[in-house]
Amino acid sequence: WRTFDHTGDLGLEIEADSPERLHALAAEVVSALVAEPLPDAPDVRHRVALEGDDPPDLFVHWLNTALLEADVRHVIWTHVEVTRLTGHSLEAVLSGQTIDPKRHVLGREIKAVSHHGLELDLAAGRCRARLVLDL
């Protein structure tokens with residue numbers, strides 16, 4: 001994965017070998033941009049099940065849900081497992097660490113993931129997403 005500058009926001013490009021790994025990696029990366037993970041074991045687990053109108057809508061909804069759940073629970077997601085993924089639904093387990101401001105290095109505040117400029121390719125073996133994060 002890599003970031004790129006976007007006027008007033010932050011762009012993100014992610015590549016993976018499967019759609020499930022792309023979704024999981026995207027949630028982990030977005031979380032790591034908010035706070036740097038520690039080598040500690042996860043102490044929080046949360047299951048998520050959600051739906052979207054189509055794959056791009058589901059992808060954005062998924063990442064915004066991961067951001068919201070992290071904010072509400074004050075955690076950084078360090079391991080994400082997508083257990084079920086269709087064109088319209090996703091089930092996953094988010095595992096992470098409770099954020100300790102004395103120990104974690106805090107990064108950017110990400111308000112949301114935008115549909116603006118979203119590119120999503122879910123072809124197996126060459127999955128790719130290019131998205132914009134609202135800061």
Student check: side-chain heavy atoms of I110 and L135 closer than 4.5 Å
yes

Name all residues meeting the side chain to side chain contact (heavy atoms under 4.5 Å, CB included) criterion together with R45; count only those two or more places apart in sequence or in a different chain, and write none if there are none.
R47, V93, S95

Give the cluster check for L50 versus W77: same hydrophobic cluster or not, with ILVMFWY residues linked at side-chain heavy-atom distances below 4.5 Å.
yes

With rounding to the nearest 0.5 angstrom, report the CG to CZ distance, L68 to R73.
8.5 Å

When you measure from the side chain of S31 to the backbone N and O of A27, does any donor-acceptor pair fall under 3.5 Å?
no

Point-to-point distance, once rounded to the nearest 0.5 Å, from CD of E51 to CD of E91
9.5 Å

In Å, rounded to the nearest 0.5 Å, how long is the span from CZ of R21 to SG of C127?
11.5 Å

With clusters defined by side-chain heavy atoms of hydrophobic residues (ILVMFWY) lying less than 4.5 Å apart, directly or transitively, does V82 cluster with I14?
yes

Spatial distance of atom CG (L58) from atom OG1 (T86) [nearest 0.5 Å]:
7.0 Å

Can you tell if the side chain of R103 reaches within under 4.5 Å of the side chain of D40, non-hydrogen atoms only?
yes

Within-4.5 Å side-chain heavy-atom neighbours: H104 and E36:
no

Are side-chain heavy atoms of F59 and L122 found at a separation under 4.5 Å?
no

Does the pair L133 and L63 meet the rule for a side chain to side chain contact (heavy atoms under 4.5 Å, CB included), with working shown?
CA-CA 10 Å; L133 306 172; L63 293 178; 5.8 Å; no

Grouping I, L, V, M, F, W and Y whenever their side-chain heavy atoms are under 4.5 Å apart, do I76 and L33 come out in a common cluster?
no

Any donor-acceptor N/O pair, N64 side chain to V113 backbone, under 3.5 Å
yes

Distance, nearest 0.5 Å, that separates CG of L131 from NE2 of H115
11.0 Å

Is any side-chain heavy atom of D71 closer than 4.5 Å to one of V34?
no

G52 and D57: which non-hydrogen atoms are nearest, and at how many Å?
CA-OD2, 3.3 Å

Residue pair T78 / G96: nearest heavy atoms and the distance that separates them
OG1-CA, 3.7 Å

First locate atom CH2 of W62, then atom CG of L85, and finally report the distance between them rounded to the nearest 0.5 Å.
10.0 Å

Can you find a side-chain donor-acceptor pair between S114 and D134 that sits under 3.5 Å?
no

